[in-house]
Colleague: 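Below is the structure I would like to discuss, written out as structure tokens.
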Amino acid sequence: MKERRLTVVATALVLALFPVAALTQATATVPPLTRSQTGAAARILERAIRRDIPMTDMIRRAFAAGTRNATGQPGAKYWQGWTDYKITARLDSATSRISGRETVTFRNNSDSAMRSIVLRLDQNIFRPDAPRTSSMDVVTDGMKVSRLVINGQTLPVTDTLGNPIPNSTRRTTPLARILRGTSARISLPTPVAAHSTGTIEAEWNFEVPRIEGARGFRMGRWADTLYQVAQWYPRVAVFDDLRGWDTDPYLGDAEFYNNFGHFDVSIDVPAGWIVGATGVLQNPDEVLTPAARERLARALQTDSTVRVVTAAERGAGKSTAAGTNGRLVWRFVADTVGDFAWATSNQFVWDAGHATIPTRGAVPFNVMYLPGHAQAYADGPHVVRHALEYYSKLWMPYGFPQLTAVDGPELGMEYPMFIMSAVFAADHEVGHEWWPMMVGVNETWYGWMDEGFNQYMNILSDADIAGKQYKLDSLGMSYGGVSGNELEPPLMWDGNYAGPFYGFQAYGKAPLMLSALGGVVGDTAVWRAMSDYAKAWKFKHPSPWDYANFMSNALQQDLGWFWYYWLFTTERVDESIQNVRTSGGRTAVTVRQDGEMPAPVILKVEFAPGNAAIRPIANAKMVDANTAVVSYPVDVWFGGSRTFVADLNFGSRPITRITLDPNARFPDRNSADNVWPRTQAASAPASK
């Protein structure tokens, strides 16, 4: 939009300066511009800085309804849905099929009636006919729904004749066909009224995909001895104040958007199989041996890792209780979570420990892995403990009663209280317990609000665990090398359709953005504001507008310009030192920004050693006896000029070197021309 507007303005200028007839003549006959005309053209063609955050119809409606507002806090009339699940599931290890049944109570907390229901059937992504953005190494028959009852009415799930739901004229597509996708919208004969509840009963089964020689696809199994189970039950989609029903399909790359709710899940497996899951185990006396229960209790008392089940303790009566008829039912309960996942194996070694969480004390964690991977997982408890404690201090205390990490084909995937992870990814996966597990963002649309934030904080955690200084310098500048690539979508583009740059959009760009924000306000200020944002939206569903508005208010700055260029465009700053002139004790530094994104002007000024005093000037801070940093706010660009002259009146001490953006926080395609005196390489014509 911006580029189109500038083009129209430039065209209008040309028409004003030259008669229409002149435009029909050959270029060579067009008279040269006078000096006044040249100045007018230059002024018109200077950049117009956009300083507000675009408002889509969706967010405008939320503002008008009072569910969101410009403070970035949840609005006075904010609401969200809630779902209660009662699930029983059974693993048949001989066929690797899981069969389940569930009862779901969903609450319509909105002011409007639900005339349809949307179900998530993500396991269908493994069907051979499923649309997806990633190649699949294994296919199955997907999720086979054998019974579906909505609000007491049994639906014809096996109907292939196209008969509509009784008393409904809204649906003519056979329900069996609808249930083949990963998102299924089903019309309701009787709407669910505002502020009332509906119920779903379902029975289903599926084969857990076998993974051979490749990474699992957010779940999977190794032969018939280890199962990682996720995206495994019919799930009620989010119905929110922004878009109503969330109907984006699960295509593979982008992840999930879930309601918070309560889960009561019973998992029936062969005796001797250990189960790790979301939630808290409710029946340890029934499924664990006395020795295992004693060791788990000890893990809360000692700072050392406790071996709950050893490699030698394998089989019914050894790794678990003996069971009845060769089977055990493990029951887990989880409250205020958006999903439920689990894993089981007849070979798991089980380590346990605890993290000390501010305001909460000892919170237990479990690490389960195969005996042959003992060396690879030796550092697992240390990494998990550090991540839980570090992120609790950085953002807000870990909000769940336990965490379990499991081995398996999926090397890095997160669920509430539960991660499938190799040790090298454990810090990242534990970080997801903050976003999106506690701050429930829409990952499908805005992956940067969980993956990107997580990548950023992993930099801080990695440095802390290594005992080193964190390094966010150079990240913001590095975006200058990506900006301009036609494959890159803006951060606000729906991640499901981000294309080949999905990884950069979801994971890579947000750390660069937050590096740049630190360059504007300081890193510690960013962390404080992010912490307050996390607490304000804990167990709620913020949008990007909520985040941007909250941060601007928390940082007490009008940052509309920042959020516009980083979130809605793929522009860069592309700045340089154009000229340096010294006269007496004054030095004029001309800075130019050729990109559309503005940024503060920050100059590192180095002086020749000497006894002459350095005169204090406004906006300057002395770093040491021979170095000063001079900062000018981004406002200097709001008038529309592309050049700014910094007047440095430090006195008679000679300036030997000036560096623009010395911490490399703002996107620049070529940083070589940010230094004066200019090197020979930076003076080359292709430098900009």
Side-chain angles (χ1 to χ4, degrees), residues 83-105 119-126 140-149 157 179 199-210 216 218-222 224-236 256 258 261-284 286-288 320-321 323-335 337-346 348 368 404 406 408 410 413 415-418 420:
T83 49
D84 292 323
Y85 290 85
K86 175 81 172 180
I87 304 175
T88 59
R90 186 180 193 277
L91 168 65
D92 184 344
S93 58
T95 62
S96 294
R97 293 195 79 86
I98 291 173
S99 55
R101 64 179 183 272
E102 70 182 14
T103 299
V104 188
T105 301
L119 295 181
R120 294 289 181 191
L121 305 170
D122 295 326
Q123 195 63 209
N124 281 335
I125 199 169
F126 291 100
T140 69
D141 55 356
M143 181 176 284
K144 312 292 286 185
V145 179
S146 56
R147 180 172 178 264
L148 185 61
V149 181
V157 294
L179 298 179
T199 61
I200 297 173
E201 299 173 41
E203 295 182 13
W204 73 96
N205 67 87
F206 65 95
E207 177 190 356
V208 180
R210 177 167 180 157
R218 299 198 173 96
M219 61 166 297
R221 64 182 168 94
W222 278 333
D224 58 355
T225 59
L226 188 153
Y227 294 80
Q228 293 176 326
V229 185
Q231 289 80 250
W232 64 285
Y233 59 95
R235 186 169 76 248
V236 177
F256 309 106
N258 295 325
H262 179 85
F263 285 78
D264 187 334
V265 181
S266 296
I267 302 168
D268 185 339
V269 297
W273 289 62
I274 294 171
V275 179
T278 296
V280 175
L281 181 64
Q282 300 297 295
N283 57 339
E286 298 175 13
V287 299
L288 301 181
T320 71
T324 302
N325 298 322
R327 300 190 69 86
L328 289 170
V329 176
W330 298 59
R331 180 175 170 235
F332 296 87
V333 168
D335 195 40
V337 295
D339 202 355
F340 189 102
W342 54 283
T344 186
S345 176
N346 58 2
F348 270 151
M368 300 174 179
T404 297
V406 298
E410 173 50 59
M413 185 59 200
Y415 299 93
M417 301 186 229
F418 181 84
M420 305 170 183

Colleague: To the nearest 0.5 Å, how far apart are CG in Asn346 and CG in Asp224?
Modeller: 7.5 Å
Colleague: Is the closest basic N to carboxylate O distance between Asp268 and Arg327 below 4.0 Å?
Modeller: yes
Colleague: Considering only heavy atoms from C-beta outward, does the side chain of Met413 approach that of Arg218 to under 4.5 Å?
Modeller: yes
Colleague: Once you round to the nearest 0.5 Å, how far does CG of Asn124 lie from OG1 of Thr140?
Modeller: 8.0 Å
Colleague: State whether Glu201 and Arg147 are salt-bridged, where the test is any N-O pair (Lys NZ or Arg NE/NH1/NH2 against Asp/Glu carboxylate O) under 4.0 Å.
Modeller: yes
Colleague: Between CD of Glu207 and CG of Asp92, what distance do you get to the nearest 0.5 Å?
Modeller: 11.0 Å
Colleague: Looking just at side-chain N and O atoms, do Ser96 and Tyr227 make a donor-acceptor pair shorter than 3.5 Å?
Modeller: yes
Colleague: Phe263 and Thr278: side-chain contact (heavy atoms from CB on, under 4.5 Å), yes or no, with the steps?
Modeller: CA-CA 9 Å; Phe263 285 78; Thr278 296; over 6 Å; no
Colleague: Who passes ring pair (Phe, Tyr, Trp, His ring centres under 6.0 Å) against Trp342, sequence neighbours left out?
Modeller: Trp232
Colleague: Just to verify, which of Ile274, Leu226, Val269 counts as forming a side chain to side chain contact (heavy atoms under 4.5 Å, CB included) with Ser345?
Modeller: Leu226
Colleague: If we count only N and O atoms by modelled type, under 3.5 Å, do the side chains of Tyr233 and Asp339 hold a donor and an acceptor together?
Modeller: yes
Colleague: Minimum heavy-atom separation for Val287 to Thr320, with atom names?
Modeller: O-CB, 3.3 Å
Colleague: Working to the nearest 0.5 Å, report the span between CZ of Phe206 and NZ of Lys144.
Modeller: 13.5 Å
Colleague: Give a yes-or-no answer on whether the side chains of His262 and Asp335 include a donor-acceptor pair shorter than 3.5 Å.
Modeller: yes
Colleague: Applying salt bridge (charged side-chain N to carboxylate O under 4.0 Å, His left out), name anything that partners Asp264, two or more places apart in sequence or on another chain.
Modeller: Lys86, Arg331
Colleague: Counting only heavy atoms not in Arg97 (residues, nucleotides, ligands), do more than 12 fall under 6.0 Å from its CZ?
Modeller: yes
Colleague: Looking only at heavy atoms, which two atoms of Phe418 and Ala341 are closest? And how far apart?
Modeller: CD2-CB, 3.8 Å
Colleague: What pair of heavy atoms forms the shortest contact from Ser266 to Val329, and how long is it?
Modeller: CB-CG1, 3.8 Å
